[in-house]
2 protein chains.
Amino acid sequence: MVQIPNTPTSADVARLAGVSRATVSYVLNNTSAVRISEPTRRRVHEAARELGYVPHAAARSLRAGHSRMVLMPAPAIPAGPLYSGFLNELQQALGRLDYTVVQYGTDGSRGDEAARAWAELRPVAVLVPGAELGPQGVQVLKRSGARAVVTLGPVRVDGAHALLTDHDAVGHCAGAHLHAVGRRRIGVVVPRDAGLEFYSRPRLAGVREALRGTDAVATELPLAYTEASAARLAAQWRESGLDAVFAYNDEYAMLLMRALQDEGLRVPEDVAVIGADDLMLGRLLRPRLSTVHIDLPSGRDLAELVDRAVRDPGGRPEVHIVLGASVVRREST
Amino acid sequence: MVQIPNTPTSADVARLAGVSRATVSYVLNNTSAVRISEPTRRRVHEAARELGYVPHAAARSLRAGHSRMVLMPAPAIPAGPLYSGFLNELQQALGRLDYTVVQYGTDGSRGDEAARAWAELRPVAVLVPGAELGPQGVQVLKRSGARAVVTLGPVRVDGAHALLTDHDAVGHCAGAHLHAVGRRRIGVVVPRDAGLEFYSRPRLAGVREALRGTDAVATELPLAYTEASAARLAAQWRESGLDAVFAYNDEYAMLLMRALQDEGLRVPEDVAVIGADDLMLGRLLRPRLSTVHIDLPSGRDLAELVDRAVRDPGGRPEVHIVLGASVVRREST
DNA sequence: TTGAAAGCGTTACCAG
DNA sequence: CTGGTAACGCTTTCAA
């Protein structure tokens, strides 16, 4: 019985194959600069397989001085289907470009403090959704070797590439639509649930923007994602005099629409309701839910941006406005 | 102007503080075994701050011979709210135990092949949801230093701790309930969408199990998550003679229920419908959706299992049956 | 209290 | 074609 080392290193492989560590490295990375005889190659591969050798990424990247790890913070709030899908597409695309995507589990630290934790892994690129990263954090990351820092969110951060998710446009779309169909007293749902402010604030602002200079007016409507909260809101609806509502997204819209209907209000006759995200569920509601369809950037495009930025770290930060918004009118408005 | 090195190392900090690298290490990790004078400590901290020094995790774990990284493959299919929530809870809990959770972006490789990629990172523990890991993969991971491999899925894998998600029980619950309310010709939705077989198969089997020895019979109903597919299924409903359906989960249930209603079928009079996952949306449907409530293991418990396994790598693999299932009867059955 | 040096697993540069 | 050897950044004995 062969003595199997606890966790085999390239030295173990070399010993078993009867060659030097360098040769092992050459064979396993099939370095083109050096020619190794076929029998030797076979012996090395055989030995590696027999020992179950797996190279040590840390040692490799320490030696190389860089890695191909793209780090993203894992979403701290359960991601919706829209964003999950986007994330997957992105991972696939980066994988095809030979990057390794790693989502760093949020350990409670926030913003620039978290950036330090990320920097310890020396990722070649960092992709930060949301708005939890300041210019300080970007500097920390770049100092520690990140060749690209890309933010995906409502604000531009100094030193980083920015994919501006223009949530104002979402609100603007909704507001303009509701105004166009003759509504004048427009409620805007603002989720009480933490972590959504970065999206709900701009959406509210966008509605206000769309209504500026008209005789319509927007009213902020705090709402938690519970039936009780929706019922409370619906109970006060008649006295509020609102004739329309932009419900933040389709899920909140479903929640609120149900509460309004239970209260005896007719949709859209008494209240027009519009959501956002264009989820399947909106098509299944009755009346069918009008919504703001959101176009996220394609994962492939974003992967290419990352790759470009990594190849040319000196380049000026790119700023793209992503997230196209367009109204899908169904029956609820 | 001070010359700032490209990416500062502890040597740079030492130089700036006028001490040795060892001293820097002592101070920054405040090693209790060695006492460093207060002025020196201050100088070191100052220097580190000024340079924006961030330790190099790879170098550290290379030297230490181990890390505190818990690796999970990132879900390849968009995770539902149930699972996302569980994941977040788990990350928090592991974070509190001072582990760093990292989700490894699926790069297309599957199963034991993927295990090799994970092993390169030398995680101290690996947590694999689903069923994409064989005994081979477990061996690879353990050989390369993983002190705990935990699978969370329908099957037990040799050598790994197992959290058995008993999806049969979900189906069993649903089947027993439908039988109890007098239904005899029971359809079971099996999503056509890839990646769900590992859940849908056992659920179907569970229904069959519940119906064994009765005069009721289960029929498999392939369904894609599109309105067209649901409409097709609904159009054939009357001739199928089915009087109940377990719709895989609440979302498929919503899709199918809508199609059935559009076809003029009454729920629950003509067809009883039950979903699973107990999502909010079920409560908002009319009739309110009956569902199978699923209790996932608490993130904290799972984190403790991981920690226990890491501390005692020799211990016998634990096998837990998690995922409690219970019927929540509402109006659709 | 501080410093010098060894070593973790890899790869790249030169000699053989 | 192959094999020493040095170096990546860090921690930790051991000596001063």
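In what follows, chains are A, B, ... by sequence order, proteins preceding strands, each numbered from 1.
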Q. Between the side chain of A:Glu113 and the main-chain N/O of A:Gly111, is any donor-acceptor distance below 3.5 Å?
A. no
Q) Considering only heavy atoms from C-beta outward, does the side chain of A:Arg122 approach that of A:Ser144 to under 4.5 Å? A) yes
Q. Which distance, rounded to the nearest 0.5 Å, do you find between the NZ of A:Lys142 and the OG1 of B:Thr7?
A. 14.0 Å
Q | Pair A:Asp312 + A:Arg308, salt bridge at N-O below 4.0 Å | A | no
**Q.** Between C:dG9 (P) and A:Asp12 (CG): distance, integer Å
**A.** 8 Å
Q. Under 3.5 Å, is there a donor-acceptor pair between the side chain of B:Thr31 and the main chain of B:Ala33?
A. no
Q | Minimum side-chain heavy-atom gap A:Val140-B:Val54 below 4.5 Å | A | yes
Q: Could you tell me from which nucleotide to which nucleotide of DNA chain D, 5' to 3', there is an atom under 4.0 Å from chain B heavy atoms?
A: D:dG9 to D:dT13
Q) Do B:Ser84 and B:Asn88 have a side chain donor and acceptor closer than 3.5 Å? A) no
Q.
Salt bridge or not between B:Arg116 and B:Asp112? Use side-chain N to carboxylate O under 4.0 Å.
A. no
Q: Could you pick out which residue, B:Ala22 or A:Ala22, lies toward the 5' side of DNA chain C when each is mapped onto its nearest nucleotide?
A: B:Ala22
Q) With distance as the sole test, does B:Arg68 use its side chain to make a donor-acceptor pair with the main-chain N or O of B:Tyr99 at under 3.5 Å? A) no
Q) For the helix from C:dT1-D:dA16 to C:dG16-D:dC1, how many degrees between its two end axes (five pairs per end), to the nearest 10°? A) 50°
Q. To the side chain of B:Val19, which of C:dC13, C:dG3, C:dG9 is closest?
A. C:dG3
Q. Base, sugar-phosphate, or nothing: which does B:Ser61 touch, judged by heavy atoms less than 4.0 Å apart?
A. nothing
Q.
I need the residues from residues 28-37 of chain B with at least one non-hydrogen atom less than 4.0 Å from DNA chain C; give them sorted by number, or say none.
A. B:Val34, B:Arg35, B:Ile36, B:Ser37
Q: Between B:Arg21 and A:Gly18, name the one whose nearest nucleotide on DNA chain D is closer to the 5' end.
A: A:Gly18
Q | Base C:dT10 to side chain A:Arg60, donor-acceptor N/O within 3.5 Å cut-off | A | no
**Q.** Heavy-atom side-chain contact between A:Thr151 and A:Leu163 under 4.5 Å
**A.** no
Q. Considering only heavy atoms from C-beta outward, does the side chain of B:Tyr53 approach that of B:Asp12 to under 4.5 Å?
A. no
Q.
Expressed as a whole number of angstroms, how long is the span from B:Glu120:CD to C:dT10:C1'?
A. 12 Å
Q) Given atom CG of A:Leu62 and atom C1' of C:dC8, what is their separation to the nearest angstrom? A) 9 Å
Q.
Does a side-chain N or O of A:Ser25 approach OP1 or OP2 of C:dT11 to a distance below 4.0 Å, or not?
A. yes
Q) Quick one: A:His66 NE2 to C:dT10 C1', roughly how many Å, whole number? A) 13 Å
